[in-house]
Every structure is written in structure tokens, then in C-alpha cells.
Amino acid sequence: MALMDRRRLMLAAGAAGCLPAFDALAQAMTITPMRPDGTAIRDPREMALARATMLVGAPPATAAALVSRDGLQWSGVRGVRRSGQDGWATLDDRWHLGSNTKAMTAVVWARLVEQGRARWGMPLSEAFPDTTLHEAYAALTVEDLMRHKAGLSDRTDFPVPVVARADTRPTGEQRAALVRALTLPPSGAVGTFAYGNVNYVLVGSVIERITGRPWEDVIAAEVFTPLAITSAGFGAPLTNAVGGPNAWGHRVQGQTSTPVDPAEPFADNPPMLGPAGTVHMTIADYARFIQAMLGGGTAGWLSADSLWRLATPLSGERYALGWITGPDGSVGHEGSNTLWHAITLMQPDAGMASIVLSNGGLDGRRTAAPLAQKLLQEFGSGDAAAATR
């Protein structure tokens with residue numbers, strides 16, 4: 001499997017251009033979607049999800065949700081766990097979040113800052129005290145890594161997946177070894193945005209050095225446990241949240257979607273890439289994280305200042321710390337390990353967000369992006385009762 005896609009990021013408002021065509025095509029359908037049990041769909045949010053999954057090229061299964069500062073407002077799921085089979089996906093299924101993991105790694109850093117174990121503006125020389133960095137990195141900080149402005153590239157500074165999988169060292173040692181890239185002349189333009197997973201893997205390594213624990217343990221302690229997220233894990237999900245069958249990711253070639261056994265080595269990117277994109281969980285648990293990012297949920301988990309820093313880019317830029325901002329004030333991100341797709345869009349001022357998760361690879365974005373935009377625009381008032389009238 002190829003390294004997770006980094007060429008096309010959802011710039012939050014980008015889905016808006018797809019929305020008219022999406023709506024026109026969905027409304028032109030002559031078949032009215034029904035639930036798997038044959039009952040009629042009356043909730044317009046569920047209808048929007050159902051119509052999206054009927055479009056040509058839609059993933060085998062899609063889950064969607066609306067979230068407010070008060071928590072999960074609505075969620076639904078439609079489709080099958082594996083293409084060509086009858087097992088229906090449910091809300092107990094876990095979904096691979098891909099690069100939407102990056103926002104969680106940035107949150108871990110913010111938590112360490114608030115605990116006095118790290119600090120905003122920490123120079124890379126302080127983050128990696130045992131390494132003599134190339135002079136080009138002298139003025140850079142950990143936030144520059146999270147903003148993808150360190151001049152690093154996955155093509156030149158990151159091991160190809162087959163090599164990483166063959167590496168028998170503990171994942172922490174593999175992540176720490178990537179610091180060698182900072183001892184060499186930059187492969188890209190320092191200070192210029194260039195999206196790369198290597199940046200967040202290095203942030204994960206800094207987190208491991210500061211805490212003395214694996215990134216996987218730290219994110220569990222700082223994010224999953226305080227937010228009551230119980231279904232989270234890493235890599236391709238093997239079972240659903242109650243121990244039953246789970247949706248599988250799919251390799252899509254043309255019009256053919258082939259389910260990939262999560263037990264296969266190539267069902268996800270190598271574990272060492274974790275801080276950049278290997279988390280999975282149910283949509284309800286992901287909604288708990290998004291609720292917290294909107295300023296709701298567990299009291300005292302993150303300060304308002306930290307939440308602002310995480311979602312606010314530098315002047316004239318679009319990428320913050322694990323989040324991309326749109327000209328309309330929206331904040332979002334999408335992720336894919338090429339077998340799954342995840343997208344979330346937030347309107348922080350309104351305190352609302354939409355989530356769309358699917359198991360049809362990168363092609364999932366063709367229906368997911370406009371569906372996420374539609375849910376947020378049309379039903380994102382937080383008035384769940386009005387949506388069902």
C-alpha cells in the first residue's frame with residue numbers, strides 16, 4: 001500500500017464547489033432510499049447520507065455525524081462492511097482516521113505545554129538536545145513541524161513503507177532515527193508549507209523523549225482516557241467496539257473495490273507512522289474528540305488559549321496545528337491511508353461540526369466532502385428537532 005496520500009488536502013471550504021452538483025445528482029434519483037429493514041427514512045440528515053451512498057463511486061460503507069459543543073447531535077451509517085457481501089456496517093464499527101490523527105498529536109503537545117513539560121515556541125535544538133542540527137533548522141520550532149514548514153519531505157526524509165515494515169527496531173527507535181533528516185541540508189524550502197507525515201512523526205518522537213513513554217501510551221493518557229474514548233486503537237481495526245465483525249478498508253481500482261483483510265501487513269501504513277495517521281475509533285468516540293475541540297466536553301481538558309492556538313494559523317496562512325482553515329471561518333481536515341477516508345469540518349463560532357467516515361479509500365472524498373459540507377450548512381444549527389420535522 002502506498003504511503004498515505006498527501007497531495008490533496010481538504011481546505012475546509014473546498015467542498016462547497018461540489019455541493020450544487022452533488023445535490024442535483026442526488027435529487028434527480030428516481031429511487032427513494034429505504035433503510036436496510038425496509039422502513040422509510042424520515043430524518044433529512046439520514047436521507048442525505050442515504051443518497052450520498054447511492055451515488056456512483058460511493059464507498060461500500062459511510063458513517064456520518066453532526067456534533068455540537070454539547071456532544072453528538074446525530075449519527076448514521078449506511079452500507080456494507082465488505083464490498084460484495086451482505087454484512088451491514090453499524091454505529092459500533094471503528095473507522096480509520098488517517099491524517100486526522102495529526103490534530104490529536106498536536107493536542108498531546110498542547111496538553112504537555114499546559115502541564116509545564118513542554119512549551120510553545122520550543123526550538124528544535126531544545127526538542128532534540130542530543131542532536132547537532134543543520135544550521136538551516138536553527139530558528140525552527142516544534143510548531144514549525146506541525147505547520148509543515150520545516151522543509152522536510154516524505155519522499156526524501158521518510159523511509160518507504162516496505163523498508164519501515166522490515167525494520168525490527170521498536171517503533172520509538174524508528175521515530176527517533178528520523179531526526180537524522182534535521183542534521184542534513186533541507187530537501188525543501190524551510191519556512192514554506194509542504195505537507196509531510198515526517199513532520200508529525202518527529203513531533204511524536206519529541207513527545208516520547210519528553211515523557212519517556214511510547215506515543216501510543218501518551219495519546220491514550222492525554223486524549224482517549226480523559227475524553228472517555230473507549231474504542232480507540234492503532235492500525236486497521238480488527239473488530240468493532242463490541243468485539244464483532246468490523247468494516248474493512250478497500251483498495252479501489254477503477255470501478256472495482258477490493259476489501260483488504262485488516263490482519264494483512266499492508267492493511268495500514270507502518271506503525272512508526274502513528275503520530276501522523278494510524279488512529280481508529282467509532283464515529284461516536286471521534287465525535288467526543290471533535291466536541292472537545294469545539295470547547296465542550298470534559299471541563300478543564302484544554303484551555304481556551306490552547307484550543308485557539310491549535311486551530312489558528314499564522315497570518316496569511318491556512319494550515320494551523322493539525323487543522324486547515326477556510327476563508328469562511330471553517331476549520332477542517334481529511335485523512336486517508338488509501339483504503340479508508342475521514343473528513344471533519346467545524347464551524348468554531350457556531351460550535352458545530354460534521355464528520356464523514358468511509359471505507360472506500362481516497363475515492364470516498366468524492367461523496368464525503370460535499371456530504372460533510374451539506375450536513376454542516378443545512379443541519380448545523382444544533383436544532384435536532386427542527387431537522388426531523
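All values reported here derive from a predicted model rather than from experimental measurement.
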Q: Is it true that a side-chain atom of S354 and a backbone atom of A372 form a donor plus acceptor pair closer than 3.5 Å?
A: yes
Q: Any chance you could measure L238, atom CG, to R94, atom CZ, to the nearest 0.5 Å?
A: 8.5 Å
Q: Going by heavy atoms in the side chains, are L362 and V252 under 4.5 Å from each other?
A: no
Q: Are any of the side-chain heavy atoms of L375 and L371 separated by less than 4.5 Å?
A: yes
Q: Is H280 reaching over with its side chain to a backbone N or O of A236, donor-acceptor style, under 3.5 angstrom?
A: no
Q: Please list, one pair per line, the donor and acceptor atoms closer than 3.5 Å that link side chains of residues 286-307 to other protein atoms, with sequence neighbours excluded.
A:
unit_1 : atom_1 : unit_2 : atom_2 : d
Y286   : OH     : N100   : ND2    : 3.1
R288   : NH1    : D285   : OD1    : 2.4
Q291   : NE2    : R69    : O      : 3.0
T298   : OG1    : P226   : O      : 2.9
W301   : NE1    : E222   : O      : 2.9
S303   : OG     : E114   : OE2    : 2.7
S303   : OG     : S306   : N      : 3.1
S303   : OG     : S306   : OG     : 3.3
D305   : OD2    : R309   : NE     : 3.0
S306   : OG     : E114   : OE2    : 2.5

Q: Please assess W109 against V206 for the test side chain to side chain contact (heavy atoms under 4.5 Å, CB included), listing each intermediate value before the final yes or no.
A: CA-CA 9 Å; W109 184 255; V206 179; 3.6 Å; yes
Q: Please check if the number of heavy atoms outside W120 that lie under 6.0 Å from its CH2 is greater than 12.
A: yes
Q: When rounded to the nearest 0.5 angstrom, what distance separates OG1 in T256 from NE2 in H250?
A: 11.5 Å
Q: Going by heavy atoms in the side chains, are T367 and P59 under 4.5 Å from each other?
A: yes
Q: Identify whether I219 and I210 are in the same connected component of the hydrophobic contact network (ILVMFWY, side-chain heavy atoms under 4.5 Å).
A: yes
Q: I'd like to check R147 versus L321 (side-chain heavy atoms, cut-off strictly below 4.5 Å). Are they in contact?
A: yes
Q: Could you go through S358 and T62, starting from their C-alpha distance and side-chain angles, then the distance that decides it, and tell me whether this counts as side chain to side chain donor-acceptor pair (under 3.5 Å)?
A: CA-CA 4 Å; S358 57; T62 300; 4.9 Å; no
Q: Strictly distance-based, threshold 3.5 Å: is any side-chain N or O of R175 a donor or acceptor partner for the main-chain N or O of G204?
A: no
Q: Side chain to side chain contact (heavy atoms under 4.5 Å, CB included) for T192 and K149? Distances and angles first, verdict last.
A: CA-CA 5 Å; T192 300; K149 295 180 64 178; over 6 Å; no
Q: Can Q115 and L112 be said to form a side chain to side chain contact (heavy atoms under 4.5 Å, CB included), step by step?
A: CA-CA 5 Å; Q115 294 163 15; L112 295 180; 3.8 Å; yes
Q: Of the non-hydrogen atoms in S205 and A176, which two are nearest, and what is the gap between them?
A: OG-CA, 3.4 Å
Q: Any side-chain donor-acceptor pair under 3.5 Å between S83 and S257?
A: no
Q: Cut-off 3.5 Å, no hydrogens considered: what does the side-chain donor-acceptor table look like for residues 121-132, sequence neighbours left out?
A:
unit_1 : atom_1 : unit_2 : atom_2 : d
E126   : OE1    : R119   : NE     : 3.4
E126   : OE1    : R119   : NH2    : 2.5
E126   : OE2    : R119   : NE     : 3.4

Q: Membership question, hydrophobic clusters at under 4.5 Å side-chain separation (ILVMFWY): are F193 and L145 in the same one?
A: yes
Q: What's the shortest heavy-atom distance between A63 and I283, and which atoms?
A: C-CD1, 3.7 Å
Q: Please work out which of the three classes, parallel, tilted or perpendicular, describes the rings of W340 and W95, given edges at 30° and 60°.
A: perpendicular
Q: Scan for ring-ring contact (aromatic ring centres under 6.0 Å, His included) pairs involving residues 344-373, sequence neighbours excluded, and state none if there are none.
A: none
Q: Look up atom CG in L97 and atom CE in M104, then write down how far apart they are to the nearest 0.5 Å.
A: 5.0 Å
Q: Looking only at side-chain N and O atoms, does N337 offer a donor or acceptor that is under 3.5 Å from a partner on D268?
A: yes
Q: So, the side chain of R251 versus the backbone of L339: is there a donor-acceptor pair under 3.5 Å, distance only?
A: no
Q: Is a side-chain donor or acceptor of T39 paired with a backbone partner of R35 at a separation under 3.5 angstrom?
A: no
Q: Measure the shortest side-chain to side-chain distance between N197 and K102 over non-hydrogen atoms and say whether it is less than 4.5 angstrom.
A: yes
Q: Would you say L273 and F158 make side-chain contact, with heavy atoms under 4.5 Å?
A: yes
Q: Hey, does R81 have a side-chain heavy atom less than 4.5 Å from the side chain of P259?
A: no
Q: Linking I/L/V/M/F/W/Y whenever any side-chain heavy atoms sit under 4.5 Å apart, do L184 and L178 land together?
A: no
Q: How many angstroms lie between OG1 in T282 and CG in D92, if you round to the nearest 0.5 Å?
A: 8.0 Å
Q: Using only atom types and a distance under 3.5 Å, with no angle test, would you say the side chain of Y200 pairs donor to acceptor with the backbone of G322?
A: yes
Q: Sequence neighbours excluded, which residues qualify as ring pair (Phe, Tyr, Trp, His ring centres under 6.0 Å) partners of W215?
A: F234
Q: Which heavy atom of T101 sits nearest a heavy atom of P275, and at what distance?
A: CG2-O, 4.0 Å
Q: Look only at the side chain of N199 and the backbone of G196, and say whether a donor-acceptor pair between them is shorter than 3.5 Å.
A: yes
Q: Between V223 and V108, is a side chain to side chain contact (heavy atoms under 4.5 Å, CB included) present by the stated rule, with each step listed?
A: CA-CA 7 Å; V223 179; V108 171; 3.9 Å; yes
Q: Is there any side chain to side chain donor-acceptor pair (under 3.5 Å) pair reaching into residues 235-248, and which pairs are they, with sequence neighbours excluded?
A: none
Q: Check which hydrophobic residues are tied to V80 through side-chain heavy-atom contacts below 4.5 Å, counting indirect links as well, and list them.
A: W88
Q: Over all heavy atoms of both residues, which pair between M47 and I41 is shortest? Give the atoms and the distance, please.
A: N-CG2, 3.6 Å
Q: Is the closest side-chain heavy-atom distance between Q347 and D328 below 4.5 Å?
A: yes
Q: At their closest point, which heavy atom of L152 faces which heavy atom of A181, and how far apart are they?
A: CD2-CB, 4.1 Å
Q: Atom CZ in R78, atom OG1 in T53: separation rounded to 0.5 Å?
A: 5.0 Å
Q: Do L202 and V190 belong together in a cluster built from hydrophobic side chains that touch within less than 4.5 Å?
A: yes
Q: For A220, is there any backbone N or O sitting under 3.5 Å from a side-chain donor or acceptor partner on T225?
A: yes
Q: Is V142 reachable from L133 through a run of I, L, V, M, F, W or Y residues, each pair having side-chain heavy atoms under 4.5 Å apart?
A: yes
Q: Mind checking whether H333 and W323 have parallel, tilted or perpendicular rings, split at 30° and 60°?
A: perpendicular
Q: Please report the closest heavy-atom contact between A320 and A311, naming both atoms and the distance.
A: CB-C, 3.6 Å
Q: Using 0.5 Å steps for rounding, measure from the OG atom of S336 to the CD1 atom of I343.
A: 11.5 Å
Q: For the pair R213 and E208, find out whether any cationic side-chain nitrogen is under 4.0 Å from an anionic carboxylate oxygen.
A: no
